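This is a predicted model, so every value here is computed, not measured.
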Amino acid sequence: MTTIDPDTLGRLYRRHAPALRLYARQWPGAADDVVQEAFLQLARQAVLPRQVLPWLYRVVRNAALAAGRAAARRRRRESAAGAPEAWFSRADDRLDAAAAAARLAELPLEQREVIVARLWGGLTFDEVARLVGCSLPTAHRRYQAGLAELQQRLEGRWTRTPT
């Protein structure tokens, strides 16, 4: 298959765009725009990537990082801070979405992006490792450490040290 037909592109978008938007929200910027641009880039490909989903995550990550850098420059120029964006659209009854989003946002980026790509993106650890540019054991270690820290923070056993 050399090009992607519109029906297939639409199915891919409906199935994977929500997780890709969540993944892109780790960085400042317009997650919707970054995701839409990634799908446009996919539609423009003369030859489809061998593994479309990891390719999409890589494109979203690169675009989100670039958008984040641009946003940081813009904020410095404008001296204005943006409001934080919610990470979850819904939560299960035992989980306060706002608290979970806040605790997830407090994790180091290295842990946060692995957790989001694995849990919401459905990527394998091998795909996550290639996406973030680390070894498979490192990706797994970041995932485990991030989940453990997130659990501690959500259960209230973690106390923030004043800065």
Side-chain angles (χ1 to χ4, degrees), residues 1-91 97-98 100-136 138-143 145-147 150:
M1 180 178 198
T2 55
T3 60
I4 190 163
D5 66 276
D7 290 335
T8 303
L9 185 64
R11 279 192 302 277
L12 281 170
Y13 184 84
R14 284 187 298 278
R15 184 170 182 198
H16 299 292
L20 285 164
R21 278 193 297 272
L22 180 63
Y23 182 71
R25 286 181 183 149
Q26 297 179 90
W27 299 277
D32 290 331
D33 293 341
V34 169
V35 171
Q36 288 178 6
E37 184 59 35
F39 278 95
L40 288 173
Q41 286 184 33
L42 178 63
R44 286 187 224 120
Q45 295 298 305
V47 177
L48 285 180
R50 199 174 64 150
Q51 294 182 317
V52 173
L53 188 56
W55 183 90
L56 283 168
Y57 271 86
R58 176 60 70 179
V59 170
V60 166
R61 181 178 193 263
N62 290 343
L65 288 170
R69 287 189 296 270
R73 287 191 301 270
R74 189 171 39 258
R75 277 193 306 275
R76 282 192 301 270
R77 283 193 310 268
E78 297 170 355
S79 300
E85 194 170 336
W87 286 54
F88 302 101
S89 58
R90 61 186 172 133
R103 295 308 166 274
L104 185 61
E106 291 170 354
L107 290 178
L109 177 61
E110 291 176 336
Q111 292 175 352
R112 191 174 61 233
E113 74 176 326
V114 169
I115 289 171
V116 172
R118 176 75 180 119
L119 290 180
W120 284 276
L123 296 180
T124 66
F125 279 111
D126 189 49
E127 292 167 337
V128 170
R130 284 196 308 269
L131 172 67
V132 300
C134 68
S135 69
L136 179 62
T138 299
H140 194 268
R141 196 168 37 253
R142 288 177 184 172
Y143 177 79
L147 285 182
L150 188 59

Query raised in the report: Is there a side-chain contact (heavy atoms from CB on, under 4.5 Å) between Ile4 and Val52 once you walk through the steps?
Result: CA-CA 11 Å; Ile4 190 163; Val52 173; 5.7 Å; no

Report summary line: Output for pair (Leu22 CG, Leu104 CG), nearest 0.5 Å, gives 7.5 Å

Query raised in the report: Is Glu37 paired with Arg44 through a side-chain N to carboxylate O contact shorter than 4.0 Å?
Result: yes

Query raised in the report: Val59 and Val34: side-chain contact (heavy atoms from CB on, under 4.5 Å), yes or no, with the steps?
Result: CA-CA 9 Å; Val59 170; Val34 169; over 6 Å; no

Query raised in the report: With a 4.5 Å limit on heavy-atom distance, are the side chains of Leu136 and Val128 in contact?
Result: no

Report task. Quick one: closest heavy-atom pair of Pro54 and Glu127, and the distance? Result -> CG-OE2, 3.4 Å

Report summary line: For Ala139 and Val114, the nearest pair of non-hydrogen atoms, with its separation, is O-CG1, 3.5 Å

**Report entry** Euclidean distance, Glu110 CD relative to Gln26 CD, rounded to 0.5 Å
**Finding:** 11.5 Å

Query raised in the report: Are Asp7 and Arg11 within salt-bridge range, i.e. N to O under 4.0 Å?
Result: no

Report task. State the CD-CH2 distance between Gln41 and Trp55, to the nearest 0.5 angstrom. Result -> 5.0 Å

Requested in this report: Could you tell me the separation between the CG atom of Leu131 and the OG1 atom of Thr124, rounded to the nearest 0.5 Å?
Outcome: 10.5 Å

Query raised in the report: Can you find a pair of side-chain heavy atoms, one from Leu56 and one from Pro49, that are under 4.5 Å apart?
Result: no

Report task. Could you name each residue pair satisfying salt bridge (Lys or Arg N to Asp or Glu O under 4.0 Å) that touches residues 53-72, not counting sequence neighbours? Result -> Arg61-Glu113

Query - Non-hydrogen atoms of Leu107 and Gly146 that approach each other most closely - result: CD1-O, 3.8 Å

Report summary line: One should read off an interatomic distance between Arg25 CZ and Asp32 CG, to the nearest 0.5 angstrom, of 6.5 Å

Query - Minimum-distance pair of heavy atoms, taken over all atoms of Tyr13 and Pro18 - result: O-CD, 4.1 Å

Query raised in the report: Hey, what do you get for CZ (Phe125) to OG1 (Thr138), rounding to the nearest 0.5 Å?
Result: 12.0 Å

Query - Derivation of the side-chain contact (heavy atoms from CB on, under 4.5 Å) call for Arg142 and Val132 - result: CA-CA 11 Å; Arg142 288 177 184 172; Val132 300; 4.0 Å; yes

Report summary line: In terms of heavy-atom contacts, Arg21 and Ala31 come closest through O-CB, 3.6 Å

Query raised in the report: Any side-chain heavy atom of Leu119 within less than 4.5 Å of one from Tyr143?
Result: yes

Report task. Report the C-alpha separation of Arg112 and Ile115 in whole Å, then their side-chain angles, then the decisive distance to 0.1 Å, and conclude whether the side-chain contact (heavy atoms from CB on, under 4.5 Å) test is met. Result -> CA-CA 5 Å; Arg112 191 174 61 233; Ile115 289 171; 5.9 Å; no

